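Chain letters run A, B, ... following the sequence lines, proteins first and then strands; every chain starts at 1. This one's a predicted model, so the numbers in the text were calculated from it and none came from an experiment.
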Amino acid sequence: MSILDNCTPAQVEAITHGDGPMLVVAGAGSGKTRVITSRIAYLIQQGVPPWKILAITFTNKAAGEMKERVRTLVGEARVWVSTFHSMCARMLRQSPDAIDCGKDFTIYDAADSLSCIKACLKELDIDSEHWTPASIQAVISNAKNELQTVEQFESRAGNFFERTVAKVYRLYQARLQQNHSLDFDDLLFYVAKLMTEDTPFREHWSRRFDYVLIDEYQDTNHAQYLIARELAAETRNICATGDPDQSIYGWRGADIRNILEFEKEYSDAKVVKLEENFRSTANILKVAEQVIANNTERIDRALYTRGEAGAKVRLTGADDEEQEAEAIYARIQQMRSSGYRYGDIAVFYRTNFQSRVIERVLGLEGAPYVIVGTVEFYNRKEIKDILAYLRLLVNPRDDVAAFRAINTPPRGIGSQTLAALQDEARRYNFSLLEALERSNELPGLGARAIKALGTFRSLIGEIASFEGTAAEIVDHVIKKSGYIQWLRTSKDENREEREENLGELVTSAARYDERTPDGSLQGFLEEVALVSQIDEYRDGDDRITLMTVHAAKGLEFPVVFVSGMEEGLFPHHNSMESESGVQEERRLFYVAVTRAKKELFITHAGSRMRFGMITPALPSRFLREMPAEAIEKQTPYGEEIEEPAVSKTYAVRRREKAVAPEIARDYPETDTFRAGDVVRHPTFGRGEVVECSGAGSRTTVIVRFPGVGVKRLMLHYAKLEKV
DNA sequence: TCGAATTCCGTTTTT
DNA sequence: CGGAATTCGA
């Protein structure tokens, strides 16, 4: 079978493009991934050595699948297919002198980085009400993505907040270096710096590949843009593919200009547009296209399909999230009776917490499902605990790991002892473990503490001397550290599940050993650090897939549910203040809709439990942007709602009075209520305030609604009016 | 120092 | 509501 079979002329044009830069602007469902894999196969057929081809994908899962497809097409596996992050880690490890700590560095994930930042804040005695460690982390992350060094950031810091962040950035970076650790952003940061400023490094890597292909180019940030550009500098055979309408990572530093200005960067670039959609029915595509047309910051283009109209997109308003989940379950069963399998079905949501209700209802009903993301496997407490020991074996200077391992399970090393140890380490510029080595002479410690430290010291020594495969080491650590014994005797209600997870960790190490014969514990840990949520997900099982819209990027399902379409949730509060924020949310919705092949259900709830409180919500503005002729409105029970063509409401079932889907207003936070006030609520009607407590955005009002009951509402969300 | 009890606080989205 | 941080008694 030829690589070009069943391809459209535009696809063939992209696949067979010769040398020189090329931009493939590919709409949703236009066969973009297939074009890239086919192009790789084509290049190999044309005699390009496979090891001279580099393909960069967005996730490791996509990388694996792409490699597999190339193998099927031309029986070749020596192509380098990887994500930016994995690739950068490999580049740094292959260049021993590239960074100060050489090639033996540990990769900190977001949680490790956060605890490091917390430690820095503590050390600097910064304790602000207003700035969370996470917000400081985000600012530092953005700075790194923009390639701002500590010095540059310091010189640009204007206000008090920025100057504070600058201090943290400096200390954080120093700690990372001392710990021989890199966070996610550092991987890109260092490689981008080296590619632009270090001649030997650049020369080596820009000659390494003859062809560079980058997928999801619309989601690259500045550092990634530079890395890609320099990697392809020698031959200029760069092929970028993406879709500006699917740019959904602006908050992470992704710069949509990278794709919009590709033609400026490469004036001789060939541009191929793939505008035929092969994935969705006409009705689904119509909904997607009409909604995205509301974005102003956009290149005008229209996708088309030659496929059938298909079923209308079904829109359902439920009273609350519980009913919404039940409605989804009911429609799922309906879909099954018309021939779909569980595995054909996906449920999307904007934020992770929404998965809980859906999960609960599906579980109650006994429907099989899999959640992609949420508390990912490697983020579980017990896993991170054991990983801390493993990381310490690979990199004894990893203080974040040392801090975690030293008293888990508890072995008599409390905060006092730990503080003394840290003082010692800081005074002599030691790592925590180095300070531990001389802990016998540590001043101000009691005999008990010294003994406890000695126990831990010999434990680490014992574990370090153990040799074996990654799986054997993991197993050894779980047992020797006393962790499993501690877990078994603990009162943790999830202890059995946790023990199973630890078993699963050994299994995954064993799988790594099998897959990577020349692997090491370090290799395993690196893989663990860089796996994404979606990488873990394997389709094929006959189960319903639950995931965030972000995680759904690049996937497709015959049946799709997009849930929680409410103002404040989708679009999300934090994005609603700016027009560009709303536009990114709209692109996100566009991504969600275009995942569907045959059947699309969109749902929203009139109220939702948030922070343990019922918070009312209006239908999302995006719902009003959908074309009426492609929509069918349904009750939560699946009955069609006959309504006038121009309707203002989506969610009226119980009450006759319509809730006007007007855009959420801002409510003055100071305008509080008192007991006895008579108020009106858009859903619950008239009521009397029983109690009002809290301040600012956390103000809580308890209201008794005659005939409805007593409700606890958050003033920030509740649209309460004084009567 | 430990662990149970209590309070606090959060939610975008993720490599 | 549910996990993390903090407090407090032993």
Side-chain angles (χ1 to χ4, degrees), chain A residues 56-63 82-89 107-111 113-115 118 129 132-135 137-138 141 144-145 183-188 216 219-221 223-224 248-254 321 348-357 360 372-376 379-381 407-418 446 448-449 452 486 490-492 494 529-535 547-553 564 568-576 581 584-585 587-589 591-592 608-615 694 697-698 712 714:
Chain A
I56 305 174
T57 55
F58 197 74
T59 64
N60 286 305
K61 179 173 184 261
S82 169
T83 63
F84 268 105
H85 290 266
S86 299
M87 177 185 77
C88 288
I107 298 169
Y108 279 1
D109 67 18
S113 144
L114 192 64
S115 50
K118 279 181 185 166
E129 301 265 310
T132 61
S135 68
Q137 181 186 37
S141 169
K144 287 185 183 179
N145 288 157
D183 67 17
F184 284 148
D185 304 312
D186 284 336
L187 291 170
L188 305 176
E216 309 285 10
D219 282 321
T220 50
N221 63 31
Q224 291 166 329
I248 55 175
Y249 281 95
W251 51 275
R252 208 174 75 185
E321 78 278 13
F348 301 153
Y349 34 81
R350 174 69 239 269
T351 62
N352 281 304
F353 86 98
Q354 296 171 60
S355 70
R356 287 208 193 117
V357 221
R360 198 172 62 225
V372 178
T374 51
V375 188
E376 309 123 87
N379 273 344
R380 285 165 210 253
K381 187 183 170 301
N407 203 35
T408 346
R411 44 175 75 90
I413 303 169
S415 56
Q416 299 287 316
T417 315
L418 214 45
R448 200 160 39 155
W486 173 65
S490 77
K491 287 190 183 152
D492 191 325
N494 302 323
L530 294 177
V531 290
S532 67
Q533 322 189 21
I534 193 73
D535 299 338
M547 62 172 103
T548 65
V549 183
H550 281 90
K553 172 172 158 154
L569 194 58
F570 203 168
H572 195 275
H573 275 119
N574 302 8
S575 306
M576 277 163 64
E584 180 154 315
E585 296 285 314
R587 290 194 294 270
L588 192 57
F589 181 58
V591 167
R608 187 173 292 276
M609 194 73 111
R610 252 182 137 171
F611 301 129
M613 272 173 261
I614 294 169
T615 59
S697 63
R698 293 190 68 84
R712 238 168 96 95
M714 281 178 97

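Considering CZ of F353(A) and CZ of R608(A), their distance stands at 6.0 Å, rounded to 0.5 Å.
One atom, CZ of F353(A), and another, P of dT11(B), lie 12 Å apart when rounded to the nearest Å. The interatomic distance linking I248(A) (CD1) with dT13(B) (C1') rounds to 8 Å, in whole Å. Rounded to whole angstrom, the span from the CG atom of N574(A) across to the C1' atom of dT11(B) amounts to 8 Å. Taking atom CG of residue N407(A) and atom C1' of nucleotide dC2(B), one finds them 9 Å apart after rounding to whole Å. Atom NE2 of H572(A) is separated from atom C1' of dT12(B) by 4 Å (rounded to the nearest Å). Rounded to a whole Å, the CD1 atom of I107(A) is 11 Å from the C1' atom of dT15(B). Going from atom CE of M613(A) over to atom P of dG10(B) covers 12 Å, rounded to whole Å. Atom CZ of R608(A) and atom C1' of dC1(C) are 14 Å apart (whole Å).
No engagement by K381(A) is indicated, since no non-hydrogen atom pair under 4.0 Å with the nucleic acid exists. Here E584(A) lies out of heavy-atom contact (under 4.0 Å) with every strand. Note on S415(A): only backbone sugar-phosphate atoms sit closer than 4.0 angstrom, heavy atoms only; bases stay farther off. As judged by a 4.0 angstrom heavy-atom cut-off over every strand, D109(A) is placed among residues making no nucleic acid contact. Residue contacts for F84(A): at a heavy-atom cut-off of 4.0 Å it reaches no nucleic acid atom on any strand shown. Using a 4.0 Å heavy-atom cutoff across all strands shown, R360(A) reaches no nucleic acid atom at all.
Comparing L588(A) and R448(A), the nucleotide of DNA chain B nearest to each residue sits closer to the 5' end for R448(A). Each of L569(A) and P410(A) has a nearest nucleotide on DNA chain B; the 5'-most of these lies closest to P410(A).
Going from the C1' atom of dT12(B) to that of dA5(C) covers 23 Å, rounded to whole Å. Comparing the C1' positions of dT6(C) and dT11(B) gives an interatomic distance of 22 Å, to the nearest angstrom.
Distance alone, capped at 3.5 Å, places no donor-acceptor pair between the D183(A) side chain and the I107(A) backbone. The backbone N or O of I56(A) sits nowhere less than 3.5 Å from a side-chain atom of S82(A) that would complete a donor-acceptor pair. Counting only distance, with no hydrogens or angles, the side chain of E216(A) and the backbone of T57(A) share no donor-acceptor pair below 3.5 Å. Although no hydrogens or angles enter the test, the distance criterion places a donor-acceptor pair under 3.5 Å between the side chain of Q224(A) and the main chain of N221(A). No side-chain donor-acceptor contact under 3.5 Å links D219(A) to the backbone of A254(A).
When the nucleotides dT15(B), dT12(B), dT14(B) are ranked by their closest atom to the side chain of E585(A), dT12(B) comes out on top. Nearest to the side-chain atoms of F184(A) among the listed nucleotides dG10(B), dT15(B), dT12(B) stands dT15(B). Among the nucleotides dT14(B), dA5(C), dT15(B), the one closest to the side chain of H85(A) is dT15(B).
Distances shorter than 4.0 Å separate some side-chain N or O of N352(A) from OP1 or OP2 on dT14(B). Distances shown here put every side-chain N or O of T132(A) at or beyond 4.0 Å from the OP1 or OP2 atom of dG10(B).
S113(A) and Q137(A) share a side-chain donor-acceptor pair at under 3.5 Å.
Classified by interplanar angle (parallel below 30°, tilted 30° to 60°, perpendicular above 60°), the ring pair H550(A)/W251(A) is perpendicular.
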Check: protein-nucleotides 8-10 of chain C nitrogen or oxygen pairs below 3.5 Å:
none

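Judged by centroid separation below 5.5 Å and plane tilt below 30°, W251(A) stacks onto the base of dT13(B). The side-chain ring of H550(A) is not stacked on the base of dT13(B), judged by centre separation under 5.5 angstrom and plane angle under 30 degrees.
Salt-bridge check for E321(A) with R356(A): failed, with every basic side-chain N at 4.0 Å or more from each acidic carboxylate O.
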